[in-house]
4 protein chains.
Amino acid sequence: MASETTDGRTARAEAQRERRREALLTAAASLFAQNGFHSTSVSDVIDAADVSRGTFYLYFDSKDGLFLQLMDRFTGRIMEVVRVVDPEGSDPTGEILSNVRRIVDVVFDNRDLTVMVLREDIGLRPEVDEQLSRFYGFLRDMLEGALLNGARCGLTREVNAPVVATALIGAIKEVFLHHLVIAPEHAPTRESLAESLLDFGLRGLLLSPDRG
Amino acid sequence: MASETTDGRTARAEAQRERRREALLTAAASLFAQNGFHSTSVSDVIDAADVSRGTFYLYFDSKDGLFLQLMDRFTGRIMEVVRVVDPEGSDPTGEILSNVRRIVDVVFDNRDLTVMVLREDIGLRPEVDEQLSRFYGFLRDMLEGALLNGARCGLTREVNAPVVATALIGAIKEVFLHHLVIAPEHAPTRESLAESLLDFGLRGLLLSPDRG
Amino acid sequence: MASETTDGRTARAEAQRERRREALLTAAASLFAQNGFHSTSVSDVIDAADVSRGTFYLYFDSKDGLFLQLMDRFTGRIMEVVRVVDPEGSDPTGEILSNVRRIVDVVFDNRDLTVMVLREDIGLRPEVDEQLSRFYGFLRDMLEGALLNGARCGLTREVNAPVVATALIGAIKEVFLHHLVIAPEHAPTRESLAESLLDFGLRGLLLSPDRG
Amino acid sequence: MASETTDGRTARAEAQRERRREALLTAAASLFAQNGFHSTSVSDVIDAADVSRGTFYLYFDSKDGLFLQLMDRFTGRIMEVVRVVDPEGSDPTGEILSNVRRIVDVVFDNRDLTVMVLREDIGLRPEVDEQLSRFYGFLRDMLEGALLNGARCGLTREVNAPVVATALIGAIKEVFLHHLVIAPEHAPTRESLAESLLDFGLRGLLLSPDRG
DNA sequence: CATGAATGAGTGTTCATTCAT
DNA sequence: AATGAATGAACACTCATTCAT
């Protein structure tokens with residue numbers, strides 16, 4: 001009985017802890033996305049989450065630590081939904097489209113996280129860098145692999161895979177950033193966005209590749 | 001004679017001024033590129049330029065003013081070098097390649113400025129925003145115009161011009177950022193970089209455009 | 001019990017806060033009185049109050065805000081103590097004397113505040129101005145009203161009320177400033193000061209009013 | 001001849017010097033009057049006088065030195081026009097009125113200087129203090145003497161001379177300050193101002209001195 | 001576990017004064 | 001004599017982090 005009560009208490013406390021934690025993360029994501037990391041103070045975050053100053057540091061090591069956890073969430077969710085495409089499978093471009101669609105879904109369902117990460121620059125703080133490098137490295141490897149596979153199977157042209165992979169990542173980032181931050185009022189539907197991205201990436205612009 | 005002496009003195013003073021100014025701009029560009037705007041203090045800049053605190057404010061209104069001037073330099077140099085492409089001219093893709101080559105030249109000759117600008121986020125400080133918006137707006141207009149013209153002349157496929165223009169800008173930014181910051185040791189030659197960019201942008205990835 | 005403990009803690013914390021606050025206000029009043037607003041830096045104040053830099057801004061918005069609060073204290077205490085004089089009452093000059101005595105008391109009990117306010121000039125900082133205007137406006141209205149009432153009842157001569165009210169204020173200010181700052185060693189007693197002020201204000205200098 | 005030429009040059013140079021000096025003094029008086037000593041920078045002064053930075057320090061030791069010279073001008077002009085009143089002369093109150101009129105004239109003819117001095121507080125900078133003390137001491141002595149003389153001759157009542165002298169000075173200062181700074185639009189004529197001051201000072205407010 | 005008062009290093013900026021030309 | 005570029009100490013203020021309660 002006593003232990004059950006204690007468990008009950010512990011459970012309630014645990015739930016409370018989780019709620020607080022989530023409140024802080026959500027508030028921070030929103031603020032970081034809206035005003036950037038530097039312009040968001042710990043005060044802003046604890047005010048928005050309605051949590052005391054000291055409590056903040058019970059949940060996170062530092063402002064940087066909070067940011068890293070948020071970034072972790074985002075990169076994790078993206079990496080979860082990206083699947084290796086088998087170029088010799090029955091429908092490789094369909095698989096690519098599925099990947100893009102799933103990414104678009106994660107992005108649209110985590111706007112604040114996305115904007116926050118897209119805004120963060122590489123090369124400034126070591127820990128952030130390390131994580132972002134891992135993330136973009138993962139994406140780049142995925143894309144490079146697909147490009148090489150595609151070329152090997154005669155599906156795609158032979159291209160400078162590292163450059164093109166980087167370019168594709170940049171293209172995707174910019175399109176998302178544009179529609180989430182700069183001109184959110186003109187945001188297309190998820191489906192049309194996914195198709196435009198794919199269309200652009202796969203087919204390029206020339207009417208016939210032989211004319212260039 | 002007297003006036004010549006005076007002129008000589010004035011000219012020498014003027015030259016000295018210009019040297020100081022340049023020292024400050026160069027030092028600042030390097031620091032902003034390396035550590036970002038927020039992590040670079042005025043103290044860092046004046047230490048690097050070996051100039052006193054007060055002198056800094058003789059040359060620039062504020063830290064923001066300095067940043068804006070640097071950004072101006074970069075955006076100005078890029079915009080100087082981009083020419084409208086006539087899709088009905090004798091060699092439109094050649095003209096595009098020339099544009100890309102000139103941009104690559106400006107970027108490689110102004111690494112610090114490039115990195116500094118590429119790192120700067122839109123949506124945080126109004127004055128910076130305004131200028132960046134103008135810059136990217138200019139690029140986007142240029143690209144959209146080219147896409148529409150190309151489509152009208154039957155040179156390129158009809159695409160969602162705004163999205164594709166945005167994607168192209170992102171692709172270019174990421175490639176530059178990657179080669180200047182993330183993996184400078186793997187930087188390709190200017191020429192191969194220009195060609196890869198063009199190749200990617202114009203031709204896409206699929207072997208035949210009909211296969212998508 | 002638990003709540004009592006909590007209350008006790010809260011109360012103790014509250015008292016500590018109030019002590020700090022008072023230390024800052026007192027230190028600042030003394031420094032402002034002695035060296036003036038401009039020559040007193042925030043560093044001076046926090047050194048005198050033995051408080052850290054950040055703590056200062058926990059209690060006051062700004063150096064200006066601190067000054068305004070001090071001014072508020074003084075003007076408030078004076079205005080609390082001034083009563084409208086009924087010229088048709090049984091002893092109007094007695095009531096005036098009471099007012100003067102009460103003012104003298106506030107002044108002598110708040111030397112630093114008095115000196116600080118008397119030294120502050122109108123016409124330089126808007127917020128200070130506003131408050132000083134209200135204060136002197138209050139005094140002027142009081143005096144003008146008394147002069148007009150007095151004249152209506154045949155108690156005083158008809159005078160240029162606005163000018164005379166201003167002159168009386170100046171007279172009082174100068175006398176206080178003189179005795180508090182310039183020659184504090186010759187300071188008369190409160191009583192004799194009050195009487196001299198009144199004597200001067202009410203009766204003027206001529207032996208007989210008919211001789212001027 | 002040569003010496004005449006030199007003299008001519010010297011004279012011209014001297015005149016030029018004097019003109020510059022005057023330009024600086026005039027500009028400074030205006031700025032000090034309008035914005036106060038602390039809010040007026042050396043830059044403001046040299047801009048207004050159209051003189052270079054270095055030149056300023058050829059004419060004045062420091063910003064403080066400039067202020068002292070201006071104060072000197074004002075106190076000198078006032079002290080020049082104040083004459084000792086002979087209480088046993090044929091028209092002592094007439095002489096007092098003449099004094100007041102002359103002071104009013106100096107004040108109205110040197111508004112900037114007057115405002116500047118009236119705004120300056122005693123007790124902050126030693127050199128300014130010394131001079132202001134001399135000035136107000138002079139006025140006070142003058143007034144105290146007159147009061148004692150007047151009382152001795154049976155012209156005025158016996159009053160607490162030091163207090164009343166101080167009060168009179170304060171009254172005059174406040175009235176001038178009020179009409180020059182706070183409400184210049186309601187400024188009375190010189191004559192009516194002089195009369196109001198005198199009327200107030202000499203006759204006080206009570207209808208009959210016996211009724212108080 | 002939760003609190004919020006306290007901290008102090010650090011920020012961008014100003015300005016009276018100096019001095020080489 | 002005249003200039004104006006250069007100086008650097010000083011300023012008001014911020015904010016991530018700590019810790020006694």
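Values below: every heavy atom of this structure, side chains too, minus hydrogens, waters and symmetry copies.
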NA contact type, [X], heavy-atom cut-off 4.0 Å: base, sugar-phosphate, or nothing?
{"X": "R20(A)", "answer": "sugar-phosphate"}
{"X": "T40(C)", "answer": "sugar-phosphate"}
{"X": "T55(A)", "answer": "base"}
{"X": "Y59(D)", "answer": "sugar-phosphate"}

What nucleotide among [options] has an atom nearest to a side-chain atom of [X]?
{"X": "K63(C)", "options": "dT18(E), dA2(E), dA12(F)", "value": "dA12(F)"}
{"X": "Y57(C)", "options": "dT17(E), dT7(E), dC13(F)", "value": "dC13(F)"}
{"X": "S62(A)", "options": "dA6(E), dT17(F), dG4(E)", "value": "dT17(F)"}
{"X": "V42(A)", "options": "dA16(F), dA6(F), dA2(E)", "value": "dA16(F)"}

Give a yes/no verdict on a cation-pi contact between [X] and [Y], requiring under 6.0 Å between NZ or CZ and the six-membered ring centre and an angle within 45° of the axis.
{"X": "K63(A)", "Y": "Y57(A)", "value": "no"}
{"X": "R125(C)", "Y": "F67(C)", "value": "yes"}
{"X": "R20(D)", "Y": "F56(D)", "value": "no"}

Whole-Å distance between [N] [atom2] and [X] [atom1]?
{"X": "I46(C)", "N": "dA12(F)", "atom1": "CD1", "atom2": "C1'", "answer": "11 Å"}
{"X": "L24(B)", "N": "dG12(E)", "atom1": "CG", "atom2": "P", "answer": "14 Å"}
{"X": "F56(A)", "N": "dT18(F)", "atom1": "CZ", "atom2": "P", "answer": "12 Å"}
{"X": "E14(C)", "N": "dT3(E)", "atom1": "CD", "atom2": "P", "answer": "18 Å"}
{"X": "D47(D)", "N": "dT3(F)", "atom1": "CG", "atom2": "P", "answer": "13 Å"}
{"X": "D64(B)", "N": "dT11(E)", "atom1": "CG", "atom2": "C1'", "answer": "13 Å"}
{"X": "R17(D)", "N": "dA2(F)", "atom1": "CZ", "atom2": "P", "answer": "6 Å"}
{"X": "L58(D)", "N": "dT3(F)", "atom1": "CG", "atom2": "P", "answer": "9 Å"}

dT17(E) base to R53(D) side chain: any donor-acceptor pair below 3.5 Å?
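Yes, the side chain and the base share a sub-3.5 Å donor-acceptor pair.
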Is the closest side-chain heavy-atom distance between Q16(A) and R19(A) below 4.5 Å?
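Yes. Closest side-chain heavy atoms under 4.5 Å.
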Side-chain contact test, heavy atoms from C-beta onward, threshold under 4.5 Å: evaluate it for Y59(C) versus R17(C) and give yes or no.
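They are in side-chain contact.
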DNA chain F: V51(B) or D61(C), which has the more 5' nearest nucleotide?
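The residue mapped nearer the 5' terminus is V51(B).
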For dG8(E), the Watson-Crick or wobble partner whose two distances fall under 3.5 Å:
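When the pairing criteria are applied, dC15(F) turns out to be the nucleotide that pairs with dG8(E).
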Base partner of dA9(F), which must satisfy Watson-Crick or wobble distances under 3.5 Å
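Pairing partner, where one exists within any strand: dT14(E).
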